[in-house]
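One structure below.
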Amino acid sequence: MAQAKKITPRAHDYSEWYNDVIMQAELADHSPVRGCMVIRPHGYRIWELMQRALDDMFKATGHQNAYFPLFIPMSFLAKEAEHVEGFAKEVALVTHTRLMATGKAGAQALMPDPASALEEPLVVRPTSETIIYAMFAKWIQSYRDLPLLMNQWCNIVRWELRTRLFLRTTEFLWQEGHTAHATEPEAEAEARRMLGVYRTFQEQWMAMPVITGRKTDSEKFAGAVRTYALEGLMQDNKALQAGTSHNLGQNFAKAFQVKYQTAPGGLDYVWNTSWGVTTRMIGGLVMTHSDDNGLVCPPKLAPVQVVIVPIWKSEEERGQASGVGGRVKTELEQAGIRVELDLRDNMKPGAKYFEWEAKGVPLRLEIGPRDVAAGQAMAARRTGGKAPIKLDGLARTVAGVLEEIQTGLFAAARERPEAHSVRGVTKQQFIEFMKGAGGGGFAYGGFCGSGGCEAEIKQETGATVRVLPDPEFRSAEAPTTCMWCGKPSVAEAVWAQAY
RNA sequence: CGAGCAGUGGCGCAGCCGGUAGCGCACGUGGUUCGGGACCACGGGGCCGCGGGUUCGAAUCCCGCCUGCUCGACCA
């Protein structure tokens with residue numbers, strides 16, 4: 001009785017389940033370097049599909065890609081006071097340029113050559129504001145050069161102490177947009193616009209519902225005037241920040257002397273924005289849709305959208321099923337669908353089903369003798385349900401099914417945050433909600449705006465303000481008092497325990 | 001970065017009162033199978049996480065380190 005390694009059920013241990021899903025789906029693996037993962041082909045393909053969709057959206061909104069260096073002079077980081085403070089504790093440094101042999105064995109065999117010490121260490125970028133705005137200062141002369149809309153796809157290093165695959169790793173991949181504008185309102189509009197782009201992507205491609213809003217001062221990006229964010233609610237009722245967009249004001253423009261000549265002839269600092277999403281989204285994808293059988297991947301981001309499994313007993317049947325499978329594959333491929341035909345003869349069909357399910361393939365087509373005879377294929381959805389479909393017009397039918405699965409996943413995912421949100425909470429309800437058996441979720445309530453309340457709430461319940469929600473997410477009745485201290489409320493807030 | 005647990009063929013584990021490594025799955029070959037994780041036979045595969053030490057002899061005992069997991073302080 002062959003039994004492949006099981007995935008730990010979600011109900012038993014959520015984080016073990018999360019790791020199992022990633023390993024079984026072959027999305028990523030641990031590397032020998034602490035806190036650094038290897039993104040395996042199946043996981044990297046998801047990232048490529050994410051990149052393509054987002055990149056098209058960035059281009060459509062007028063942004064251009066460029067590439068800036070991995071190394072940043074240490075002194076650059078020091079130029080914006082809040083920014084340094086935010087990142088100083090987690091940067092990797094390059095201090096030497098040569099190694100020398102010591103004559104010892106093992107890890108001690110080599111050491112940095114003291115003679116090669118850099119006069120000024122280089123920081124491995126934790127984010128690129130500093131080096132990018134240093135360049136913007138060279139390129140921007142007049143208001144005619146604005147707005148300058150740029151983006152780069154790259155890797156980032158932040159020396160994290162506690163890591164999780166995709167959710168928090170020392171090195172990760174992301175995209176960082178950086179723009180410069182002539183006026184504050186334009187920068188604000190850009191920061192908001194890109195937040196909207198992210199929301200569209202996360203809802204329509206990832207089928208992941210998010211709430212958007214502004215971060216409190218204690219949660220905002222170091223160096224930003226305002227930070228906006230998107231927050232999703234995972235299956236364990238913890239929130240995941242899935243993207244951020246910052247209005248940087250003139251903070252970096254002043255630090256890096258990014259000035260432009262105005263139309264009337266004056267001189268002014270530019271207004272900047274920056275915004276990013278990371279490979280963390282893959283973790284969000286896993287924790288939004290997947291189940292105890294493994295990954296569930298929305299069709300638009302599935303590396304393999306359809307797997308064809310031929311079924312046979314005799315050699316003759318094998319030839320027929322494989323033949324039909326091959327033709328189906330070609331037909332689907334011509335329709336732009338990502339297909340795999342599983343011809344392996346050392347596995348029984350059932351074993352193949354389990355494997356492809358673990359990898360998140362949305363639709364499986366089984367083609368056996370009965371189907372060949374009937375001119376059909378059995379279509380099994382990853383999300384449940386199995387029914388025959390005619391081979392005539394198959395590509396169109398399959399495309400329709402994939403679309404249904406995509407919208408079905410989003411609809412199902414939307415129920416979760418709705419079912420696990422409470423509005424207009426009192427302090428007692430809040431504590432019960434966060435620490436009780438229900439497992440928490442999004443708690444909406446009045447907030448006085450004080451960092452003291454935030455700190456106390458975090459201390460007592462582990463919850464933090466995820467966002468001060470945008471109008472479309474706010475409660476019908478605006479709260480009047482802080483749910484924690486009872487003082488007048490300055491804004492409704494959404495609290496949750498977060499990743 | 002602190003506390004606890006763990007690391008043995010690809011995966012999951014046993015062996016740990018010292019005597020030179022074993023099981024299940026996976027893998028290879030042959031055959032029978034194939035509509036939800038096949039079976040039989042034969043076979044290949046292990047610096048026992050790394051480095052030191054104790055000992056005639058270390059997977060096993062001692063010390064240091066590395067990596068992972070869980071929990072705390074910090075963060076996309």
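So that the names make sense, note that chain A is the first sequence line, chain B the second, and so on, each numbered from 1. Heavy-atom basis, side chains included; hydrogens, waters and symmetry copies ignored. Keep in mind the model is a prediction, meaning the values are calculated, not measured.
One C1' atom belongs to B:C47, the other to B:G52, and the distance between them is 16 Å to the nearest Å. Rounded to whole Å, the separation between the C1' atoms of B:G18 and B:G53 comes to 15 Å. Between B:G28 and B:G15, the distance separating the two P atoms is 31 Å to the nearest Å. Across the C1' atoms, B:G30 and B:G9 are found 24 Å apart, a figure rounded to whole Å. Remark: the separation of the P atoms in B:C69 and B:C62 is 26 Å, to the nearest Å. Comparing B:C17 with B:A76, their P atoms are spaced 48 Å from each other, to the whole Å. The P atoms of B:C16 and B:U60 are separated by 13 Å, rounded to the nearest whole Å. The C1' atoms of B:G49 and B:A41 are separated by 36 Å, rounded to the nearest whole Å.
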Atom pairs under 3.5 Å: protein N/O with N/O of nucleotides 1-10 of chain B:
unit_1, atom_1, unit_2, atom_2, d
B:C1, N4, A:L161, O, 3.4

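Residue contacts for A:L167: at a heavy-atom cut-off of 4.0 Å it reaches a base atom on one of the strands shown. Using a 4.0 Å heavy-atom cutoff across all strands shown, A:G462 reaches no nucleic acid atom at all. Within 4.0 Å (heavy atoms only), A:Q241 reaches sugar-phosphate atoms of the nucleic acid but no base atom. Here A:T278 lies in heavy-atom contact (under 4.0 Å) with a base. Base engagement by A:T169 is indicated by at least one non-hydrogen atom pair under 4.0 Å involving a base atom. Using a 4.0 Å heavy-atom criterion, one finds that A:S15 contacts the sugar-phosphate atoms exclusively. Using a 4.0 Å heavy-atom distance criterion, A:Y499 is classed as making no nucleic acid contact.
Here the P atom of nucleotide B:C69 and the CD1 atom of A:I22 are 10 Å apart, to the nearest Å. As a whole-Å value, the separation of A:H30 NE2 from B:C66 P is 18 Å. In this structure, A:M37 places its CE atom 15 Å from C1' of B:G68, rounding to the nearest Å. One can place NZ of A:K458 at 11 Å from P of B:G72, the figure rounded to the nearest angstrom. Following rounding to the nearest Å, A:R164 (CZ) and B:G68 (P) show an atom-to-atom distance of 13 Å. Distance A:K215 NZ to B:A76 P: 8 Å, rounded to the nearest Å. Whole-Å rounding puts the A:E171 CD to B:A76 P distance at 18 Å. Rounding to whole angstrom units, CG of residue A:N19 and P of B:U70 are separated by 6 Å.
When both pairing distances are held under 3.5 Å, B:C47 makes no Watson-Crick or G-U pair with any nucleotide shown. Pairing for B:U33 is absent, judged as Watson-Crick or G-U wobble with the two contacts each under 3.5 Å. Judged by Watson-Crick or G-U wobble contacts below 3.5 Å, the nucleotide B:A58 has no partner. B:C23 and B:G12 make up a base pair, with Watson-Crick or G-U wobble contacts both under 3.5 Å. Judged by Watson-Crick or G-U wobble contacts below 3.5 Å, the nucleotide B:A3 has B:U70 as its partner.
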*After noting the C-alpha distance and the side-chain angles of A:W271 and A:E190, does the key distance pass the side chain to side chain contact (heavy atoms under 4.5 Å, CB included) rule?*
CA-CA 10 Å; A:W271 301 82; A:E190 170 75 0; over 6 Å; no
*A:N247 vs A:R192, side chain to side chain donor-acceptor pair (under 3.5 Å): CA-CA, chis, key distance, verdict*: CA-CA 9 Å; A:N247 179 336; A:R192 296 289 317 179; over 6 Å; no
_For A:D470 and A:T212: C-alpha separation, side-chain torsions, deciding distance, then whether side chain to side chain donor-acceptor pair (under 3.5 Å) applies._
CA-CA 6 Å; A:D470 287 331; A:T212 62; 2.5 Å; yes
*Verdict with reasoning, A:T127 to A:E176, per side chain to side chain contact (heavy atoms under 4.5 Å, CB included)*: CA-CA 8 Å; A:T127 179; A:E176 49 179 324; 3.7 Å; yes
*Go through A:Q152 and A:N65 one step at a time and tell me if the side chain to side chain donor-acceptor pair (under 3.5 Å) criterion holds.*
CA-CA 5 Å; A:Q152 82 166 336; A:N65 284 332; over 6 Å; no
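Of the listed residues (A:L363, A:N293, A:V361, A:I405), just one forms a side chain to side chain contact (heavy atoms under 4.5 Å, CB included) with A:R382, and that residue is A:N293.
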*Between protein and nucleotides 27-36 of chain B, map the contacts as a letter string: B base, S sugar-phosphate only, - none, heavy atoms under 4.0 Å, written 5' to 3'.*
S------BBB
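The aromatic ring centroids of A:W47 and A:H42 lie 6.0 Å or more from each other.
Side chains of A:E160 and A:T170: a donor-acceptor N/O pair is absent below 3.5 angstrom, by distance only.
Taking 4.0 Å as the cut-off between side-chain N and carboxylate O, A:K59 and A:D55 count as a salt-bridged pair. Checked for salt-bridge contact, A:E460 and A:K435 miss the test: no charged N lies under 4.0 Å from a carboxylate O.
When the nearest nucleotides of RNA chain B are assigned to A:S31 and A:Q459 by heavy-atom distance, the more 5′-ward of the two goes with A:S31.
In this structure, A:R280 forms no cation-pi arrangement with A:F172, as its terminal cationic atom is not both closer than 6.0 Å to the ring centre and no more than 45° off the ring axis. Both tests do not hold together for A:R466 against A:F442: distance to the six-membered ring centre under 6.0 Å, angle to the ring axis within 45°.
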